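Scroll down for the structure; my scribbles are underneath it.
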Amino acid sequence: MLPSNLMNWILRDFSSLTVDELYAVLRLRSEVFVVEQECVFQDMDNKDQESFHLLGFRETELVAYTRLVPPAKTNGMPSIGRVVVAQSARGDGTGRLLMEKSIEETKKLFGLSPIKIGAQLYLKSFYTSLGFEQTSEVYLEDGIEHIEMIRR
């Protein structure tokens, strides 16, 4: 396994994704959000087409992904969502690297405005360590406890 700092990062808008990249994204999101977390929900929510997609590959395997949503689609603040790391890449810093890269790319795309996320509650301390602050009460989304967080 390659160290997480040897990942190949690709940032694309929706129309620039290749068919193979789109398949890998949808497969990873399904593996983690639907199968692993046992959560039946409508993953394809019509935000993908307007968003940017950050893909992290180790060799040919997609192991990290986020969706960078423009402010116009999220009530005035850019948002990082659909944060997912493959099971094979957890525990080695890939998640932190993914979020640091996502924050960096969000700033490049949308400027220095605050960044919003909807975080699973159990990851609160992880996101806090990246500069996000809780801005909502706990709420249930698809049966999983979440909180809104903002990085100013």
Side-chain angles (χ1 to χ4, degrees), residues 2-18 20-29 31-33 37 41 43-139 141-142 144-152:
L2 293 172
S4 56
N5 62 347
L6 295 178
M7 295 197 31
N8 179 31
W9 295 102
I10 297 171
L11 178 68
R12 299 200 196 284
D13 65 17
F14 185 78
S15 63
S16 299
L17 289 167
T18 69
D20 289 336
E21 289 166 348
L22 179 59
Y23 181 84
V25 165
L26 296 176
R27 179 182 170 131
L28 181 60
R29 286 176 12 183
E31 281 176 5
V32 174
F33 299 138
Q37 295 181 351
F41 77 110
D43 179 35
M44 288 166 271
D45 58 1
N46 288 319
K47 289 184 182 175
D48 288 320
Q49 300 93 319
E50 304 296 325
S51 299
F52 291 85
H53 304 270
L54 181 63
L55 295 76
F57 287 90
R58 285 197 181 139
E59 297 183 11
T60 60
E61 181 188 5
L62 178 66
V63 297
Y65 167 84
T66 56
R67 176 171 78 177
L68 311 180
V69 186
K73 287 290 187 181
T74 56
N75 299 326
M77 262 184 260
S79 177
I80 299 171
R82 299 295 197 262
V83 179
V84 62
V85 175
Q87 202 166 33
S88 64
R90 293 184 197 152
D92 67 0
T94 298
R96 178 166 296 283
L97 189 63
L98 170 63
M99 281 306 296
E100 289 170 350
K101 185 76 171 164
S102 297
I103 292 166
E104 175 187 324
E105 295 297 340
T106 299
K107 288 178 182 177
K108 287 180 190 174
L109 289 167
F110 308 117
L112 296 176
S113 70
I115 300 170
K116 180 179 176 179
I117 60 172
Q120 292 185 5
L121 182 60
Y122 83 95
L123 291 167
K124 178 183 175 180
S125 63
F126 169 71
Y127 289 117
T128 298
S129 75
L130 291 161
F132 288 89
E133 299 172 359
Q134 182 175 345
T135 57
S136 77
E137 297 298 319
V138 176
Y139 62 93
E141 184 174 310
D142 303 312
I144 298 172
E145 291 183 319
H146 282 72
I147 53 174
E148 287 186 4
M149 300 184 83
I150 293 177
R151 185 177 195 273
R152 300 188 191 283

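These values consider heavy atoms only, across backbone and side chains, with no hydrogens, waters or symmetry-generated copies. Quantities reported herein were computed from a predicted structural model and do not represent experimental measurements.
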Between [X] and [Y]: side-chain donor-acceptor atoms closer than 3.5 Å:
| X | Y | value |
| --- | --- | --- |
| Gln87 | Glu31 | no |
| Asp48 | Ser51 | no |
| Thr66 | Ser102 | yes |
| Thr18 | Arg12 | no |

> Salt bridge or not for Arg58 and Asp92, using N-O below 4.0 Å?
Replying inline: yes

* Are Arg151 and Glu133 ion-paired here, with the side-chain N under 4.0 Å from a carboxylate O? -> no

**Prompt:** Just wondering, more than 12 heavy atoms not from Arg27 lying within 6.0 Å of its CZ?
**Reply:** no

Could you tell me whether Gln49 atom CD has more than 12 heavy atoms of other residues or ligands within 6.0 Å of it?
yes

Legend entry - Arg152 and Thr135, any side-chain heavy atoms less than 4.5 Å apart: yes

dist Phe132:CZ -> Phe126:CZ (nearest 0.5 Å) comes out at 9.0 Å

In this structure, OG of Ser79 is separated from CD1 of Ile150 (nearest 0.5 Å) by 10.0 Å

Between Arg82 and Arg29 (side chain of the first, backbone of the second, donor and acceptor by atom type, cut-off under 3.5 Å), is there such a pair?
no

Quiz item: Counting N and O atoms only, with roles assigned by atom type, does the side chain of Thr94 sit under 3.5 Å from a partner on the main chain of Arg90, one being a donor and the other an acceptor?
Solution: no

Paired with Lys124, the side-chain contact (heavy atoms from CB on, under 4.5 Å) test is passed by just one of Gln134, His146, Glu145, namely Gln134

Notebook entry, point to check: Relative to the ring of His53, is the ring of Phe14 parallel (under 30°), tilted (30 to 60°) or perpendicular (over 60°)?
Noted result: tilted

- Message: Pair Leu98, Val83 - check side-chain contact (heavy atoms from CB on, under 4.5 Å), show working.
- Response: CA-CA 8 Å; Leu98 170 63; Val83 179; 4.0 Å; yes

